[in-house]
Amino acid sequence: MADTIADTRRLFTKPQNLNDAYGPPSNFLEIDVSNPETIGVGRGRHTTYETNLPIFKLKESCVRRRYSDFEWLRAELERESKVVVPPLPGKALIRQLPFRGDDGIFDDSFIEERRQGLEQFLNKVAGHPLAQNERCLHMFLQEESVDKNYTPSKVRQA
């Protein structure tokens with residue numbers, strides 16, 4: 001018999017970038033971030049966004065989230081899922097300065113720009129197969145309030 005030698009050469013693959021990692025997979029979810037609503041007065045004033053999830057555990061889910069909730073989700077995914085998490089739209093610190101002559105972070109054009117950025121972020125995250133199983137993402141998309149003291153885990157598929 002002829003001796004066969006196993007081919008042990010490494011496969012050369014191109015490095016994965018954000019577009020590859022967060023491109024739409026076959027089980028792509030499209031999530032809407034819509035209906036911005038500014039609530040409160042003075043220093044307690046903030047804008048919330050409605051996230052509409054067409055399918056997940058629930059047939060439909062519609063919850064309101066503020067920017068700080070999106071920051072929490074990003075930090076949790078980065079800490080727990082070990083995947084590259086896309087950036088959020090910026091904090092707009094300059095827009096928060098007093099005496100600007102406009103509504104700052106409550107200006108309609110800024111709110112729309114941020115809404116689009118948050119929607120893009122959420123769809124990239126929800127499109128990643130590893131992030132889809134994270135409990136923090138499911139809680140963020142489906143539960144009325146975000147329990148920031150939750151126990152991180154993977155969601156089991158039924």
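Below, all heavy atoms of this structure are taken into account, side chains as well, without hydrogens, waters or symmetry copies. Quantities reported herein were computed from a predicted structural model and do not represent experimental measurements.
- Partners of Y49 under the ring-ring contact (aromatic ring centres under 6.0 Å, His included) rule, at least two apart in sequence or in another chain, do not exist in this structure.
- Here the closest non-hydrogen pair linking K91 and E71 is CD-OE2, 3.3 Å.
- Using modelled atom types, one side-chain atom of R115 and one backbone atom of V33 make a donor-acceptor pair closer than 3.5 Å.
- With sequence neighbours left out, R66 forms a salt bridge (Lys or Arg N to Asp or Glu O under 4.0 Å) with no residue at all.
- Here L73 contributes atom CG and C136 contributes atom SG; the two are 5.5 Å apart, rounded to the nearest 0.5 Å.
- Partner of P89 under the side-chain contact (heavy atoms from CB on, under 4.5 Å) criterion, out of E119, E113, R114: R114 alone.
- With R65 as the fixed residue, the side-chain contact (heavy atoms from CB on, under 4.5 Å) test singles out one of L141, L122, V146: V146.
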Query raised in the report: What's the verdict on side-chain contact (heavy atoms from CB on, under 4.5 Å) for V63 and E143, showing C-alpha distance, side-chain angles and the deciding distance?
Result: CA-CA 7 Å; V63 294; E143 295 182 17; over 6 Å; no
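- Checked against side chain to side chain contact (heavy atoms under 4.5 Å, CB included), E37 has the following partners two or more places apart in sequence or in another chain: I39, T48, R64.
- For A131 against L137, the heavy-atom pair with the smallest separation is O-CD2, 3.5 Å.
- Residues passing the side chain to side chain contact (heavy atoms under 4.5 Å, CB included) test with N149, sequence neighbours excluded: D147.
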Query raised in the report: So Y67 and H46, side-chain contact (heavy atoms from CB on, under 4.5 Å) or not? Walk me through it.
Result: CA-CA 9 Å; Y67 185 82; H46 61 276; over 6 Å; no
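- With Y150 as the aromatic partner, R135 does not meet the cation-pi criteria of under 6.0 angstrom to the ring centre and within 45 degrees of the ring axis.
- Between the CG atom in L118 and the CD1 atom in I111 there is a gap of 11.5 Å [rounded to 0.5 Å].
- Remark: R79 engages E76, P152 in a side chain to side chain contact (heavy atoms under 4.5 Å, CB included) (not counting sequence neighbours).
- Using a 4.5 Å heavy-atom cutoff, the side chains of F140 and D69 are in contact.
- In terms of modelled atom types and a separation under 3.5 Å, the side chain of H128 and the main chain of N123 share no donor-acceptor contact.
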Query - Derivation and outcome, side chain to side chain donor-acceptor pair (under 3.5 Å), residues Q120 and Q116 - result: CA-CA 6 Å; Q120 184 178 35; Q116 289 175 5; over 6 Å; no
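- Take R74 and apply the salt bridge (Lys or Arg N to Asp or Glu O under 4.0 Å) test, not counting sequence neighbours, and it matches E78.
- A pairwise comparison of heavy atoms in S68 and K148 identifies O-NZ, 4.3 Å as the closest pair.
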